[in-house]
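The next block holds one structure in the form of structure tokens; read it before the comments.
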Amino acid sequence: MPGLSDQVQFVRGVGPRLAEMLALKGIATAEDLLYHLPFRYEDRQNPRPLDELQPGETVSVIAEVRGSALLRTRRAPLFELTLGQGRRALKCIWFHAPYLNGKFQAGQSVAVYGKVEPSRSSSNLKMIQPQFEILPDATADAETRLLEVGRITPVYESLGGSRLASRWQRRVIFNLLDSVRGSVPECLPRALLTRLDLPDRETALRAVHFPPEGTPLAQLQSFATPAHRRLIFEEFFFLELGLEIKRRRMKERAGIAFAATDKVREAIREVLPFHPTTAQKRALGEIVADMRAPSPMRRLLQGDVGSGKTIVALEAMIVAMENGYQAALMAPTEILATQHYLAARKLLEKSSRKPRIVLLTGSLDDDRKRLNRGLINRGQAQLVIGTHALIEEKVEFDRLGLVVVDEQHRFGVLQRFKLMKKPGPDGTLGAEPDVLVMTATPIPRTLALSLYGDLDLSILDELPPGRTPIVTRRVPDARAHEVWEFVRKQVVLGRQAYVVYPVIEGAKDDQPELDFSHDPDVAPSSLPPSGRKGGKRTETPELFPNSRREANPQAKSGLKSAVEMHEKLRTGPFAGLRVGLLHGRLDADEKEIVMRRFQRGEIDVLVSTTVIEVGVDVPNASVMVVEHAERFGLAQLHQLRGRVGRSAAKSYCILLTGERVSPLAEERLDAMVRTQDGFELAELDLTLRGPGEIFGTRQAGLPEFRVASLVRDRQLLELAKQEAARFVAEPAGEATEAERARVRSHLKDAWQRRYGLVEAG
Ligand code: ADP
Ligand code: MG
């Protein structure tokens, strides 16, 4: 009897050659094949008659081939297929498709799927580039006919050329389902399925591939049938279960139970520069409670830009130091590490204890690095601030108690840090340090759950008092001179400004700062100017009224760069002002000098790249100008805007855009003008780009799902998380011992194969 864990080559109809092709798609077992779901369905049971079609609908149609032709037009070869039904006809058109020539014979039955468009020539309709399938005729074998016509037909993404296209998959999966009938092991407890009203695994697999008659098509297309929901739930459940178990295991490990005495509280109070917000108090309370517990803290501190995460982290570090432990703060960039270092020094100057703080970044000279490592190793430095890599790889601590990781959405579930500790006198490593992760970007709750599901969560959902909303405007390039004038005026009023460029200098591939690959809609040359019109901007009428959509006759196709524009602005519009330049290619000393001068108000306008994107904190800066704003991602724009509005002074964010703005970029810019809520923007970003794009699935350690989608299936993720927690919390709950054993073994397989970890079990 074949089983789901059999290698796919032994599945009937596959064999070694095709198995190799399938392996390229990550399909190694029979089970993998069954979890390769159709991406859509065609109703070939009740296809839509041609005379009912309305322009604008997306439909599937079955009709007969009347004729076809390859037309050589001036622009591109164009293949035209005419389908007919009674007296009605439908024209289907494909561009650049000479390969279709000769493929269709008059009288054949063809299924097409696409959007119905009105046709100029007659009352007939047309479809442009529809998907199509030539249906088997009466001479085909019964099985093929059974799978292709007269039913709701699954349509699959090809697993390798036309050989492994839909038709092949239907047949192989149909046979596979047949051969495993009655023997697909259930991996979830029965009682759980009953309570959630979800079908069993085998029923679900059968129904997603070959939906029973009468399944609503709309429900199928949106992956919302009970069968789909069951498989999505299953996938999330095992992810969350693994995370929950990790979380629990952590609680069983030996950590440090810090004391939070009055003395510690006093030490915090004496350095605090302001009254904490309610959210900051709550978060610190949660953190301190974790630190006092004897198990290691694993907590995520989330908050929108400017919500004051840094100070909360510093408070936690004071708790550790007051208890005689070392604390480390890891930042994603040198600039940030340096800034944290300067901020910590300034803050702790007021402390009666005067801890020694050392900085560890890649560009320190070797002697200095060695010296600092020695201080850390001997326990003579209490607070260590540096970049991730350096602290992770090179440092041995004497008595490390707390690690704060300020991350730029880099790590996720699957990667966590390894910090080296000096073995104690008995050779053991002893208690584990507490870890607090801060995210610089607000993350939609669902993503936070799956990325950081093994962490406890504290949220800063409040900004410090006295902030006025940032005025955000979109201005076309052609009016840049007005923007420069505005910046000058602000400088005269005593304010400072940033002007940000996407590249350091010259050619695009020359710049490490901004990765365009995350932004698939920005295709350099092929974009039509956006057709969207209008949009009144009335919030502050005095600033750039009617500033949208003005063509710039002189617009060049090239990108402006920080280096080039620094020179132009310094000698042109900003002549007489103090203009600084900051980018990733300066060495660390230069960066630090520029940052310090800007912080001290000795630079009026800082021309920069996105090195200032995250975390940079200069409250007197009140204007952020972003050139080529259409090229930046939403999260990035939000981070950049977060550099201003850090004091009570009125702040401005001006998004200068070039001529060509893609529809997706329009959406981003609109959203930036519309809202300042980081969580709202993050949600939108997630919908526009998908989690993989935002986080770069692999590097971020974001799990890859085969059925589920973080965007589409958020509610099921929440449900799965609850259920996973309940499953772990109630050992004698609703599952039998045998079911628990099956859940455990399935979990182990899933994590081993999917997430590359062997931890769960
Ligand atoms: P985040 O890292 O969350 O983006 P920061 O920690 O950089 O935010 O804080 C933003 C700014 O707000 C900083 O200038 C900080 O000194 C200030 N700040 C933080 N907490 C408060 C507070 N409770 N009251 C007033 N200002 C605060
Ligand atoms: Mg910060």
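Every number for a ligand or one of its atoms is a count from 1 in the order of the listing. Below, all heavy atoms of this structure are taken into account, side chains as well, without hydrogens, waters or symmetry copies.
- Short contacts between ligand 1 and T277, defined as distances under 4.0 Å to a heavy atom of the residue, involve ligand atoms 23 (N).
- Each of R299, K309, R282 was scored for a side-chain hydrogen bond (donor to acceptor under 3.5 Å, both in side chains) with S458, with one residue passing: R299.
- Close approach to S307 involves these atoms of ligand 1, each under 4.0 Å from a residue heavy atom: 3 (O), 8 (O).
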Test salt bridge (Lys or Arg N to Asp or Glu O under 4.0 Å) on K251 and D456 and set out the steps. CA-CA 11 Å; K251 301 245 144 96; D456 297 302; 3.2 Å; yes
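- Within the structure, ligand 1 has P276 among the residues with a heavy atom less than 4.0 angstrom away.
- Where the criterion is an N or O separation shorter than 3.5 Å, residue side chain and backbone included, G308 meets it with respect to ligand 1.
- The structure places CE of M297 at 4.5 Å from CG of D434, a figure rounded to the nearest 0.5 Å.
- Within the listing of ligand 1, atoms 2 (O), 5 (P), 6 (O), 7 (O) sit less than 4.0 angstrom from a heavy atom of T310.
- Here the straight-line distance linking atom CD of Q496 with atom CG of L577 works out to 11.5 Å at 0.5 Å rounding.
- Taken to the nearest 0.5 Å, the NZ atom of K650 stands 4.5 Å off from the OH atom of Y652.
- With a heavy-atom cut-off of 4.0 Å, K309 touches ligand 1 through backbone and side chain alike.
- Close contacts between ligand 1 and H275 involve ligand atoms 22 (C), 23 (N), 24 (N) [criterion: under 4.0 Å to a heavy atom].
- Both the sub-6.0 Å distance and the 45° axial angle are not jointly satisfied by R292 relative to the ring of F258.
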